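Report on one structure; see the data block that follows.
Sequence positions, counted from 1, serve as the residue numbers for this chain. Quick caveat, the model's predicted, so the values are computed rather than measured.
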Amino acid sequence: MKFRTNKDVKIIFSVTSGNFLEMYDFAIYGFYAVFIARIFFPAENEFISLMQSFIVFGAGFLMRPFGAVVLGAYMDKYGRRNGLIVTLAIMAIGTVSIALCPGYESIGILAPVIVLLGRLLQGFAAGAEIGGVSVYLAEIAPKNLRGFYVSWQSGSQQIATIFAGMVGVALHYLVGDFIMQEWGWRIPFILGCLIVPYFFYIRRILDETPQFKHANKYNQLTFSSIFESIRENITTVIFSIMFVMMTTVTFYFLTSFTPTYVNQFLHFSQLESFLITVIIGLSSLFWLPISGYLSDRIGRKPIALLMTVLGVISAYPVLVFLAHNISFKNLVFTELWFSFLFGAYNGVMVVSLSEIMPPNVKALGFSFSYSITVAIFGGFTPAISTFLTQKLNNPAAPGFWLTFAAFCSFVSALILFKKKWNL
């Protein structure tokens, strides 16, 4: 299980840099959602304030389908490299606006408006980022290592999660929770802004993929042809959306909801919520390339079906176990299990999705299907999980949402793998 050349390692690092920034920003927002709620969305009821914060978090995902269409089409017409530079620029603007925005007490209603606009810009860019990165990796990978190479798209996100968690732990000791609550939560966002220039540099020196150069030499993609392509492949798009559901819901449960969940509902400390995030990231980073590599050897289908079945039968019981046996050890066990399900499934799902899409609209098709799923299901997972937990008065209630997502992915996998896509 290794890369073909050292040059490939450098290319993968450069390509996935924007993915890293995207996930780092999202993880930081999830870590400090309670603080962000108090600063930008003050309300008499803490639950309402937190829900407003998570709704704004989710609103960014509603922009993903628009970004997928506009930027995904741009990548299919003008190149993967050019598109990835544009997505990084837009994402950076959104990050800076959140990091430097004054609080509600200083500028009133403008504060939550600016934060919302920042999230919308991040979501618009992210709509094509994951698809562009995945397609780029699929197009440069040797056929017998395609699953392994593409798995590093998600691997970069796990590295970002680990880094964000480590920053949180370090700031807990260096700054303290009180200062973090007042203004210190901005430090991780500013840190993300500081690394943007370097990411611009390494993306600008990327080469275009040979496959794109060959297949799109005379590409005349227009917006009318974009929507015609979506219409012609609507069945594929619908089942692809279901196919992605387990990945997105589990991912945002682990990375964006878990810090608040363990702190607000299970009453673990802020430090413990950071530590568990680092553990989740390390576990997912371990399973993703293993799953991608195994899928290159034994096929995508058996791994995808096994993981979705395990998700259906275990999500709610595992959370019930944690809710009735609250300890840090059991929390680690629970989160490791979900990170295994996520890593092993996503390592197969992402490469399969890149193989399903028609060659002339590969970036668009991937990005559109993925972003629709995130917009409708994944991005609102923190808000849905918070609502279910509060209204049902059941800390295991998010398990219902996780089970539903796994079932949808199981059904779609059964259907998609019957098609002649050599998955």
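Put simply, CG on L88 and CD1 on I202 are 8.5 Å apart, with the number rounded to the nearest 0.5 Å. Taking CD of Q158 as the reference point, atom OG of S151 lies at 11.0 Å (rounded to 0.5 Å). Note that CE of M242 and OG of S412 are 5.0 Å apart. Values are rounded to the nearest 0.5 Å. To the nearest 0.5 Å, atoms CG (D25) and SG (C193) are separated by 7.5 Å. With rounding to the nearest 0.5 angstrom, the CG atom of L254 is 5.0 Å from the CD1 atom of I280. The structure places CD1 of I90 at 5.5 Å from CZ of F124, a figure rounded to the nearest 0.5 Å.
The aromatic rings of F342 and F251 lie tilted to each other, with the angle between the two planes from 30° to 60°. By the 30° and 60° cut-offs, the orientation of the rings of Y316 relative to F400 is parallel. Between F13 and Y198, the ring planes are tilted. Angles from 30° to 60° get that label. The aromatic rings of F377 and F404 are tilted relative to each other, their planes meeting at an angle between 30° and 60°.
Side-chain atoms of P112 and V56, non-hydrogen and from C-beta on, never get closer than 4.5 Å to each other. At a threshold of 4.5 Å between non-hydrogen side-chain atoms, the residues V133 and S156 do not count as touching. Contact check for W152 versus L285: side-chain heavy atoms found under the 4.5 Å cut-off. Contact annotation: the side chain of M75 never approaches that of V135 to less than 4.5 Å [non-hydrogen atoms, C-beta and beyond]. Between T95 and V196, every side-chain heavy-atom pair lies at or beyond the 4.5 Å cut-off. Annotation: side chain of Y149 is not in contact with side chain of V15 (no heavy-atom distance under 4.5 Å). Side-chain atoms of F286 and L282, non-hydrogen and from C-beta on, never get closer than 4.5 Å to each other. When side chains are defined from C-beta on, I241 counts as touching T373, because their heavy atoms get closer than 4.5 Å.
Between G311 and M246, the closest heavy-atom pair is CA-CE, 4.3 Å. Summarising the geometry of A413 relative to L305, their closest heavy-atom pair is CB-CD2, 3.8 Å, with the distance given to 0.1 Å. Between V351 and S295, the shortest heavy-atom distance links the atoms CG1-OG, 4.4 Å. M91 approaches Q122 most closely through the heavy-atom pair O-CG, 4.1 Å. Taking all atoms of both residues into account, the shortest heavy-atom contact from G343 to S291 is O-CB, 3.9 Å. Taking each heavy atom of G127 and S371 in turn, the nearest pair found is O-CB, 4.0 Å.
Enclosure of atom CG in N393 is not indicated, since only 12 or fewer non-hydrogen atoms of other residues, nucleotides or ligands lie within 6.0 angstrom. In this structure, F66 places its CZ atom where only 12 or fewer heavy-atom neighbours from other residues, nucleotides or ligands lie under 6.0 Å away. The number of heavy-atom neighbours closer than 6.0 Å to CZ of F200, taken from other residues, nucleotides and ligands shown, is above 12. Other residues, nucleotides and ligands contribute more than 12 heavy atoms inside 6.0 Å of the CZ atom of F328. Heavy atoms of other residues, nucleotides or ligands lying less than 6.0 angstrom from CZ of F239 number 12 at most.
In the model, S385 has no side-chain atom that pairs as donor or acceptor with a side-chain atom of W401 under 3.5 Å.
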Side chain to side chain contact (heavy atoms under 4.5 Å, CB included) for I98 and I36? Distances and angles first, verdict last. CA-CA 10 Å; I98 295 174; I36 291 172; 5.6 Å; no
Passes side chain to side chain contact (heavy atoms under 4.5 Å, CB included), N346 versus S284? Steps please. CA-CA 10 Å; N346 197 58; S284 299; over 6 Å; no
CA sep, side-chain torsions, deciding dist, call: F41, Y104, ring-ring contact (aromatic ring centres under 6.0 Å, His included): CA-CA 7 Å; F41 309 96; Y104 188 91; 8.8 Å; no
Test side chain to side chain contact (heavy atoms under 4.5 Å, CB included) on F163 and L191; report intermediate values, then the result. CA-CA 11 Å; F163 181 67; L191 182 61; 4.0 Å; yes
Show your working on side chain to side chain contact (heavy atoms under 4.5 Å, CB included) between F410 and L414 and close with a plain yes or no. CA-CA 6 Å; F410 170 73; L414 284 176; 3.6 Å; yes
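S97 places a side-chain N or O within 3.5 Å of a backbone atom of G94 that can act as its donor or acceptor partner. Between the side chain of T334 and the backbone N or O of N330, at least one donor-acceptor pair lies under 3.5 Å.
For the pairing with W287, the ring-ring contact (aromatic ring centres under 6.0 Å, His included) check across Y345, F340, F338 returns one residue only, F340.
Listed by first and then second residue, the salt bridge (Lys or Arg N to Asp or Glu O under 4.0 Å) pairs that reach into residues 120-138 are E129-R203, sequence neighbours excluded. Legend: salt bridge (Lys or Arg N to Asp or Glu O under 4.0 Å) pairs involving residues 62-72, not counting sequence neighbours, sorted by first then second residue: E22-R64.
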